[in-house]
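Here is the structure we will look at.
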Amino acid sequence: MFERSRNVALGVLALGLLTPALLTSCGDKESGKQPSSARKVAKKQPKKEKLPALPELVQSAVEAGNYGAAYQATLNELKGISDLKSPEYGRMSKVLEVLRVSSPEVLKAFADEDPSHKAFLKEFLMDEAWQEIYLSCGLVPYHTPWGVKVLHDIWKDNDGVVSNKPLAVALASCWGGGETMQDSNVRKLDPALYNPVWRYNFFQKQQAKGALQPGFRNLKAWELRFVVCNVWQDWDDASLEWCSKHLNLPWDRYFIAHDAAVYTDPSKFGDNVQSGEFLMPFSFESKAETTQLNGGVCGSMSHLGCFAAMAHGIPAYCVGQPSHCAYGVRPKRGMWQGGFGGPDGDLQNSILGGKAPTSYMLMEDVFGEDDAVAEAYRKSWKARALEAAGDKDKAILAWKSVLKDSPMHPFFRKELHRLMLEKSLNANDCYEYLMKALDSYKKGRYYGVHGFAAADMMDDLKPVIEQMTDTQRVKLYTKLHGLIALTRSSWAVGCGDMLKSQAATLKGDAAKEDYLTNLLKAHLRGGGVTFGQVLEWAVAAYVEQGKTEAFGRAFARAAQSDVKTASMTPEQAEERKNKMKEAYSKALMAAEAARSPQAYKALCAAAKKVCPPADAPRISRPAELTGKPVPPNGLLRCSSTSQWDKPWTHLDVLTEKGGQTHTASEKAPEFVAQLDGNYLLSGCVIRKTNGAEERMRKATVYTSEDGATWMPKASTEDMPKEWTVVFPENTRARHVKITFDNSAGNNFAHISHFVVYRKDKEK
């Protein structure tokens with residue numbers, strides 16, 4: 001877990017990773033002016049390439065600004081070409097797709113506004129390479145002039161020569177939105193402060209100066225979307241320029257760039273961050289400079305880290321978390337690093353879904369194979385052309401060919417599924433199709449490591465899945481959850497709605513219990529965060545609905561699935577007991593990771609029937625503390641577990657009775673007491689378990705109201721066996737954490753008590 005403290009920021013500055021000239025001004029002082037690098041500079045343009053003309057009827061329609069006629073003429077040209085693999089068919093299918101996605105009516109209205117608009121569209125529709133970049137950028141502006149408007153403005157500003165077309169397309173895509181983001185707020189921003197043309201010129205100049213990370217020149221348009229604009233972002237162009245001058249780190253260290261500012265609330269003058277006075281009486285050039293000098297809370301600090309990375313040509317995004325804002329940076333392809341508690345959560349810039357890590361993992365694999373995805377896009381335009389020509393059967397075959405090159409691209413799958421449904425796909429054929437799709441395990445390109453993407457893909461065909469038999473559905477769901485259990489996930493990626501929807505399709509009670517058994521079995525073997533969410537759903541759907549026996553049978557069958565239960569010898573019975581303990585330990589740790597007290601308590605009650613109690617002494621409240629222990633209605637989360645741990649006693653650790661914990665050997669093992677409310681606290685008592693107590697010496701206790709921003713309350717270089725920590729007055733928190741410092745070498749941590757006391761009377 002990424003820690004926040006003023007010491008981190010000061011340490012970074014002391015090491016010289018951030019430039020010292022933090023107070024140097026940038027840009028013009030007058031409000032509303034662009035940063036200095038936005039001023040037009042005379043530049044020598046390369047010679048303009050002569051583009052081949054379109055077929056006569058298409059060309060004349062384009063020159064006349066009649067894009068409806070151009071669409072029909074292009075379609076007629078395609079109908080007259082028998083060889084779908086010919087260059088002519090490839091070129092004209094791109095033109096048809098540009099006209100379709102932008103809408104002929106929208107393009108005509110845009111062209112009628114200004115003669116230069118019509119001149120640009122003529123050139124753009126003749127430029128095959130530019131169209132290909134535009135159509136394969138991930139999110140293409142849909143039925144809006146904004147995409148071509150941004151391209152036009154960059155083209156016009158650069159005297160008709162756009163030397164970095166992927167960069168221009170990335171800006172057009174961000175400002176235009178895309179088919180899944182048609183109402184982008186970016187379009188509503190003041191162009192004097194938020195200008196795609198300025199950003200194009202800024203990155204071009206920065207690259208020419210060698211001020212961007214080395215990999216910038218190789219980024220594709222879909223990657224540049226995460227450099228040029230955080231779509232729902234509201235920070236200005238001047239912030240990019242200020243960050244480029246003042247926040248310079250090694251290119252793989254921008255996940256700590258937020259530490260250039262200090263977490264501050266209230267301000268130096270006592271004003272709350274939510275008030276309009278927080279930044280008064282200061283007025284600075286950019287939001288980045290303002291944040292660095294005045295501080296702020298997680299939102300502004302994460303924006304600062306994100307903009308620092310983007311200003312240096314490194315893809316980044318902000319991410320929403322419960323009561324927190326963090327960010328992620330990508331120093332190289334396929335590798336996302338978390339800043340300020342990221343990169344997981346609700347992405348504020350995305351292409352294939354907004355939940356991390358599953359969405360950016362899918363994006364990296366879908367777009368990561370440059371040649372394969374490029375070929376898939378070329379085939380996709382041909383598939384659309386075939387449908388436009390009225391041949392849906394050939395279009396279906398074409399989409400299947402597309403998916404051989406890019407099998408997990410959800411937009412491509414959705415088009416195939418739409419046509420399959422229009423052709424009245426029956427239940428048996430749908431079952432065979434989905435089982436075959438889920439059986440593809442080639443790592444990196446198939447669903448073996450993208451179970452949630454497989455679930456979304458199946459959801460397209462839900463009307464047909466509902467027509468299948470219970471047996472077919474249970475087999476299909478079982479195979480799906482075998483993939484999901486092996487898919488990297490996090491607390492941010494919820495599966496409760498999916499489980500509820502799947503269970504609702506099953507008709508018989510036996511099928512529902514089989515589904516629950518196979519569900520638990522798959523996720524028990526995976527042992528990841530998703531298992532905790534499965535348990536949470538199962539407890540709500542079964543235990544809390546009076547179906548405890550069905551839940552117990554299903555969990556027992558899942559936990560014992562690899563153990564023979566008949567005619568056991570004493571040795572076999574002991575083996576079974578150990579298997580059960582191992583299963584419950586996995587389940588309980590998953591429930592903790594999912595932050596689900598309900599699932600934890602239901603499992604804990606069952607586990608204690610076969611698992612031994614902890615051997616811990618009872619303690620009493622020290623005289624220095626007031627109040628009573630916070631009731632153990634929340635969770636105790638441990639950074640890891642080991643063979644000496646007893647997860648079924650973790651809640652007891654939060655009581656004076658005591659329990660037993662034991663982490664694996666770690667650099668910084670920790671325990672987090674997640675309380676069931678936001679309490680006014682007097683302090684806590686932490687007691688080591690008996691034996692090997694010298695392992696735990698350097699320790700720090702923190703509190704947090706949101707579980708993300710942590711405030712240190714006490715530290716020790718030599719923790720006593722029973723450590724009493726008195727909190728400052730008015731300490732209010734929902735989370736209390738102890739972290740052990742084993743920086744000299746990894747080691748274990750084990751405590752029997754972590755008792756937090758709340759005050760009797762809150763002030």
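Just the heavy atoms: all of them, side chains too, but no hydrogens, waters or symmetry mates, feed the values below. Along the sequence shown, the residues carry numbers beginning at 1. Not measured: the values here are computed from a predicted model.
Without hydrogens or angle criteria, Thr700 side chain to Ser715 main chain gives no donor-acceptor distance under 3.5 Å. Gln321 places no side-chain N or O within donor-acceptor distance of the main-chain N or O of Ala708, the cut-off being under 3.5 Å. Judged purely by atom type and a 3.5 angstrom limit, Asn742 uses its side chain to pair as donor or acceptor with the backbone of Glu666. For Thr264 (side chain) and Val262 (main-chain N/O), a donor-acceptor pair under 3.5 Å exists by modelled atom type. Without hydrogens or angle criteria, Tyr702 side chain to His735 main chain gives no donor-acceptor distance under 3.5 Å. Formation of a donor-acceptor pair under 3.5 Å by the Ser239 side chain with backbone atoms of Ser286 is not found in this model. Put simply, the side chain of Ser173 never gets that close to the backbone of Ala170: no donor and acceptor are under 3.5 Å apart. No donor-acceptor pair under 3.5 Å is formed between the side chain of Thr291 and the backbone N or O of Leu304. At least one donor-acceptor pair closer than 3.5 Å links the side chain of Gln533 to the backbone N or O of Val493. In this structure, the side chain of Ser639 engages the main chain of Glu670 through a donor-acceptor pair within 3.5 Å.
Taking the charged nitrogens against the carboxylate oxygens, Asp237 and Arg199 do have a contact shorter than 4.0 Å, which makes a salt bridge.
Residues Arg333 and Lys220 are in side-chain contact: their nearest non-hydrogen atoms beyond the backbone lie under 4.5 Å apart. In this structure the side chain of Cys318 reaches within 4.5 angstrom of the side chain of His303, judged on heavy atoms. Residues Cys229 and Asn349 form no side-chain contact, since every pair of their non-hydrogen atoms from C-beta on lies 4.5 Å or further apart. Residues Asp676 and Val630 meet the side-chain proximity criterion, which asks for heavy atoms closer than 4.5 Å. Val150 has its side chain out of reach of Tyr200: every pair of non-hydrogen atoms, C-beta onward, lies at least 4.5 Å apart. Leu362 has its side chain out of reach of Phe452: every pair of non-hydrogen atoms, C-beta onward, lies at least 4.5 Å apart. Contact annotation: the side chain of Thr663 never approaches that of Phe740 to less than 4.5 Å [non-hydrogen atoms, C-beta and beyond]. Counting only heavy atoms from C-beta outward, the side chains of Val449 and Asp365 approach each other to under 4.5 Å.
Listed here is the closest heavy atom pair of Cys325 and Ser302: O-OG, 2.8 Å. The minimum heavy-atom distance linking Phe226 with Ile351 is given by the pair CE1-CD1, 4.1 Å. Between Glu705 and Arg734, the shortest heavy-atom contact is O-CB, 3.9 Å. A pairwise comparison of heavy atoms in Gln207 and Arg217 identifies NE2-CB, 3.3 Å as the closest pair. Here the shortest heavy-atom pairing between Ala261 and Gln292 reads CB-CA, 4.1 Å. Here the shortest heavy-atom pairing between Ser350 and Gly354 reads OG-CA, 4.0 Å.
Note that the CD atom of Gln206 and the CD atom of Gln213 stand 13.5 Å from one another [nearest 0.5 Å]. Summarising the geometry, atom CD belonging to Glu536 is positioned 13.0 Å from atom CZ belonging to Phe531; distances are rounded to the nearest 0.5 Å. Atom CE of residue Met498 and atom CH2 of residue Trp537 lie 10.0 Å apart, to the nearest 0.5 angstrom. Summarising the geometry, atom CG belonging to Leu167 is positioned 11.0 Å from atom CZ belonging to Phe202; distances are rounded to the nearest 0.5 Å. In this structure, Cys243 SG and Lys287 NZ are separated by 13.0 Å, a value rounded to the nearest 0.5 Å. The CG atom of Asn730 sits 6.5 Å away from atom NZ of Lys759, with the distance rounded to the nearest 0.5 Å.
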Step-by-step side-chain contact (heavy atoms from CB on, under 4.5 Å) determination, Thr661 to Phe754: CA-CA 10 Å; Thr661 65; Phe754 191 172; over 6 Å; no
Arg695 and His750: CA distance, side-chain angles, deciding distance, side-chain contact (heavy atoms from CB on, under 4.5 Å) verdict: CA-CA 9 Å; Arg695 290 169 172 165; His750 34 86; 3.2 Å; yes
Verdict with reasoning, Thr709 to Val297, per side-chain contact (heavy atoms from CB on, under 4.5 Å): CA-CA 9 Å; Thr709 303; Val297 293; over 6 Å; no
Step-by-step side-chain contact (heavy atoms from CB on, under 4.5 Å) determination, Trp710 to Thr739: CA-CA 11 Å; Trp710 296 92; Thr739 300; over 6 Å; no
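A centroid separation of 6.0 Å or more is found between the aromatic rings of Phe307 and Trp242. Aromatic rings of Phe671 and His650 (six-membered ring for Trp) have centroids beyond the 6.0 Å cut-off, not under it.
The side chain to side chain donor-acceptor pair (under 3.5 Å) test applied to Ser665 returns no partner, not counting sequence neighbours. Shown here are the side chain to side chain donor-acceptor pair (under 3.5 Å) partners of Arg330, two or more places apart in sequence or in another chain: Glu223, Glu364. Taking Asp718 as the reference, Arg697 meet the salt bridge (Lys or Arg N to Asp or Glu O under 4.0 Å) condition, with sequence neighbours excluded. Under the rule for a side chain to side chain donor-acceptor pair (under 3.5 Å), Lys667 has no partner lying at least two apart in sequence or in another chain.
A parallel orientation is assigned to the rings of Phe203 and Phe216, their planes being inclined by less than 30° (bins at 30° and 60°). Relative orientation of the His324 and Phe340 rings is perpendicular, given thresholds of 30° and 60° on the angle between their planes.
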Expected list for residues 308-315: side-chain donor-acceptor pairs under 3.5 angstrom, two or more places apart:
residue, atom, partner, partner atom, Å
His312, ND1, Tyr254, OH, 3.3
His312, ND1, Ala308, O, 2.8
His312, NE2, Asn248, OD1, 2.5
His312, NE2, Tyr254, OH, 3.4

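Residues Thr530 and His523 have side chains that never bring a donor and an acceptor to within less than 3.5 angstrom of each other. Side chains of Asp645 and Ser642: no donor on one and acceptor on the other come within 3.5 Å.
Residue pairs meeting the side chain to side chain donor-acceptor pair (under 3.5 Å) criterion with at least one partner in residues 354-363, sequence neighbours excluded, are Asp346-Lys355, Tyr360-Arg488.
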